[in-house]
Structures are given as structure tokens and as C-alpha cells.
Amino acid sequence: MKRDIISAFDMSDDLEEIIDLSISLKKRRYDYEPVLRNNILAMIFEKPSTRTRISLETAIEQLGGHGIYLNPNDMQVGRGETIADTARVLSGFADFISYRAFKHSNVLELARNSRIPVINALDDLEHPVQIVADFMTVKENFGKLHGKKLAYVGDGNNMANSLIAGSSILGVDISIGSPKGHEPNAEIVQKAKKMASGNGSSIEIFNDPKKAVEGADIVYTDVWVSMGEESQKAEKEKLFAPYQVNDDLMSGAGKNAIFLHCLPAHRGLEVSASVIDGRQSRVFDEAENRLHTSKAILLTLKK
Ligand code: CP
Ligand code: NVA
């Protein structure tokens, strides 16, 4: 049976295994068989991408296959062909589909109608492939995941939702600091709380960023204005100003805390230049890890 990764919860049984495979692929660099020889990855991107697109494309090429970048405006789906028919057609040509979409429901619709594995390359609800690289970076730094505390400060968006799901799977304690009305998705939080209680970890949601970062091992933030929300820019930048991750906020975290950001970042908005370019930042290791985790994900879905 084909397997999809639409939500971080789709890795409930093997997220840490995928992370460990990524760590071992990073060590081997080019020293592995082109096991995905002749495999095609169809890559549909409704929104721009640097890391997700290039890491997936590089990953499939390094494993012996080939990625085809697809802009929906150049496809018939852009002029009304259904997502279901697109999925059925691509299933006849390719071996995997990655899909960056505005709507989570469209990713689900594509996956339902595809005979080949579908990877959610970000939508309005989740960014599941990003968190594999995030937690890989945490494991590289601390040697373990279980029992670590991650504080996510800022918008309760797709990143926050997938980090909550991932933390609950891995036994990472997570605390969120988001403004009122911008908390993470309630259904995901509820599902994650059940998972976390089985794995011995906690999920806390605060509106005060200082409370969220208390004693944290990892401080994480993301943009305040996600792709597709540009009309809310002025309003959100005002509301989120107290949520900037700067030296003052970092001083409340653990003394060996690291800083992560999925990128792209906006210095002076969600993070100060002193933090993202400072000694605690691991954002470029995290970005590089997108390549190693993309390989591990493709290999895992091929099984
Ligand atoms: N972090 C991330 O997904 O970046 P891109 O939008 O560049 O893919
Ligand atoms: N929350 C951001 C993540 C970008 C990788 C967005 O959706 O634009």
C-alpha cells in the first residue's frame, strides 16, 4: 500500500527512525547506491519555495531519480482540470508527488486520488517535512530528543501545528507563546495532547512569550505573515511586535539553548539579527538538513 505524508502525525510510528536515517545519510554524503534510479518526483508548487523545492529536487537526483517542477499555472489544473484527475494522471507517469498548496483540503484530495505516495510540501495547516529537519538538528545538538523543551514563539501557523504534532510523537515538551486569537489549531493540539500523554511529554499554550521560553532548550520562530496572508501584513506586524525573538527573550531560555527558524526569516521582525546571526543560531544547519531529510523521506516512502 502506498504511504503519504500529509500531516506530521503520518510519521507517528517512525519519525525518530526517519531522523536517524537522515543523520546517517548526512554522514555518508555521496556514498550510497542510486536506489531511486529512474524514479520521477512530480513537484507541484502553488507558492514559492527555496528550501523545500531545491532539497527535494537535489535529493531525488542524488538518489538516481529525477524531479519535475510543476507550476499549476502552466498545467491544466490552472484552468479547471480537477485535482482528482491530475492525481490519477500523474500516478501513471511518476513515482512520487510533492505538493505545496494553499489549501490543506486540496492536498488531501490529491492524496486520496493518487496511486503513488504524496508528500505535503507545506499547506495552510501543516509543514510536516520541515519538522523532520528541525528535530534532526535538535538531535545533532543535544544527542537526544526525549525530554528536551522546545518553545515556539509567534504565529500559531502551519509550522507551529506540525511542531506540536512532532513533539508529541517524539516525547519533546513543547510550549507555545502566541497572541490571543493566533494560537495553533485546536484539533491538532487536542490530538497531540493524547499522543504526548502516552509519550510522557507536555504541551503548554501561553499568550506570554516569556512564559513560553522559560528554561527552553530550543527557541523556534517563524514568519508572522505566511504566504497567502499578505493582506494582513500591517495588522499582524503590530500585534506580533512583542513576540520578537531577541536577546532579551533568549535570556529567559536555558543557558545552552539553540535558536531555530524554518526560514525565510525577516531580521528585525520575528527575530533580531543578533539572535539569528548569533552563537545560538543553528538555522543554516537546519536548512542543510532539509536535503538529508528529503532523502530519508523519499527512501522511507519507497519501501
Ligand atoms: N522552510 C521552507 O519550507 O522554505 P521554502 O519556503 O524556501 O521551501
Ligand atoms: N509559515 C510559513 C512557512 C514558510 C516555510 C508560510 O506558510 O509561509
Side-chain angles (χ1 to χ4, degrees), residues 5-8 22 41 43-60 67 69-72 97-107 119-138 150 152-166 176-179 182-185 188 218-233 235-237 239-240 243-245 259-267 269-271 276 281-298:
I5 297 181
I6 308 301
S7 162
S22 310
L41 169 64
M43 306 165 61
I44 310 172
F45 279 81
E46 289 177 4
K47 313 182 200 181
S49 170
T50 298
R51 283 142 288 267
T52 307
R53 174 191 172 177
I54 299 167
S55 71
L56 280 168
E57 204 164 328
T58 306
I60 187 96
Y69 174 74
L70 301 163
N71 180 339
I97 305 174
S98 63
Y99 184 20
R100 172 165 285 195
F102 282 99
K103 286 163 75 180
H104 184 69
S105 56
N106 285 349
V107 184
I119 299 166
N120 179 356
L122 178 149
D123 62 30
D124 55 346
L125 188 67
E126 284 212 45
H127 194 3
V129 290
Q130 174 69 46
I131 64 132
V132 187
D134 301 338
F135 288 115
M136 171 183 177
T137 312
V138 174
L150 187 153
Y152 176 93
V153 177
D155 193 16
N157 59 14
N158 44 9
M159 259 339 308
N161 293 334
S162 289
L163 284 166
I164 290 170
I176 305 289
S178 298
H182 293 272
E183 292 93 347
N185 179 275
I188 292 186
I218 307 109
V219 178
Y220 196 120
T221 193
D222 181 19
V223 295
W224 294 336
V225 180
S226 284
M227 291 179 276
E229 293 183 346
E230 288 72 15
S231 65
Q232 300 172 43
K233 190 172 183 300
E235 179 199 327
K236 282 188 105 176
E237 284 181 2
L239 177 68
F240 281 78
Y243 293 79
Q244 184 187 75
V245 178
F259 171 75
L260 297 180
H261 188 312
C262 59
L263 304 181
H266 303 82
R267 288 167 177 80
L269 291 177
E270 75 272 10
V271 61
I276 194 166
S281 178
R282 300 288 181 277
V283 298
F284 296 109
D285 293 334
E286 181 187 8
E288 180 194 321
N289 287 342
R290 294 296 308 275
L291 170 62
H292 311 298
T293 53
S294 288
K295 278 186 203 159
I297 288 165
L298 290 168

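Every number for a ligand or one of its atoms is a count from 1 in the order of the listing.
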**OP:** Indicate yes or no: does an N/O atom of Leu263 lie under 3.5 Å from an N/O atom of ligand 1?
**Re:** yes

**OP:** Determine whether more than 12 heavy atoms belonging to other residues, nucleotides or ligands lie under 6.0 Å from atom NZ of Lys47.
**Re:** yes

Original post:
Going by the atom numbers of ligand 2, which of them fall below 4.0 Å from some non-hydrogen atom of Asn158?
Top reply: 1 (N), 2 (C), 6 (C), 7 (O)

Original post:
So which heavy atom in the protein is nearest atom 6 (O) of ligand 1, and how far is it from that ligand atom?
Top reply: Arg100 NH1, 2.8 Å

Original post:
How does Val223 reach ligand 2, if at all, at less than 4.0 Å between non-hydrogen atoms: by side chain, backbone, both, or neither?
Top reply: side chain

**OP:** Measure Arg290 to ligand 1 on non-hydrogen atoms and call it side chain, backbone, both or neither using the 4.0 Å cut-off.
**Re:** side chain

Original post:
Just checking, any donor-acceptor pair under 3.5 angstrom between side chains of Asn289 and Thr137?
Top reply: yes

Original post:
For atom 7 (O) of ligand 1, what is the nearest protein heavy atom, given as residue, atom name and distance?
Top reply: Thr50 N, 2.6 Å

**OP:** Can you figure out which of Glu286, Arg51, His127 has its heavy atom closest to atom 3 (O) of ligand 1?
**Re:** His127

Original post:
Using a distance-only test with no angle check, is there a side-chain donor-acceptor pair under 3.5 angstrom linking Thr293 and Ser22?
Top reply: no

**OP:** Identify the heavy atoms of Arg100 and Phe45 that sit nearest to each other, and give their distance.
**Re:** CB-CD2, 3.5 Å

Subject >> Minimum-distance pair of heavy atoms, taken over all atoms of Leu125 and Asn161 >> reply: O-ND2, 2.9 Å

Original post:
Would one find an N or O of Cys262, backbone or side chain, under 3.5 Å from an N or O of ligand 1?
Top reply: yes

Original post:
Just checking, is any N or O donor in the side chain of Glu183 or Ser178 under 3.5 Å from an acceptor N or O on the other one?
Top reply: no

Original post:
Is it the case that Asp124 and Asn158 place a side-chain donor and acceptor less than 3.5 Å from each other?
Top reply: no

**OP:** Output yes when the distance from some N or O of ligand 1 to some N or O of Thr52 is under 3.5 Å, and no in every other case.
**Re:** yes

Subject >> Nearest-option assignment for atom 8 (O) of ligand 2, heavy atoms, candidates Glu126, Lys47, Met227, His127 >> reply: Met227

Original post:
Heavy-atom contact under 4.0 Å between Leu263 and ligand 2?
Top reply: yes

Original post:
Do you know the tightest heavy-atom contact between Ser281 and Ile276?
Top reply: OG-O, 2.8 Å

Subject >> Residue selection (non-hydrogen contact nearest atom 3 (C) of ligand 2) among Asp222, Val225, Thr50 >> reply: Asp222

Original post:
Do Thr221 and Glu270 get their side chains close enough for a donor-acceptor pair, meaning under 3.5 Å?
Top reply: no

**OP:** Could you say whether the N/O atoms of Ser226 and ligand 2 ever approach to under 3.5 Å?
**Re:** yes

Subject >> Leu125, Thr52, Leu122: member with heavy atom nearest to atom 4 (C) of ligand 2 >> reply: Leu122

Original post:
Between the side chains of Asp123 and Asn120, does any donor sit under 3.5 Å from an acceptor?
Top reply: yes

Original post:
For ligand 1, which atoms, with element, lie under 4.0 Å from some heavy atom of Gln130?
Top reply: 1 (N), 2 (C), 3 (O)

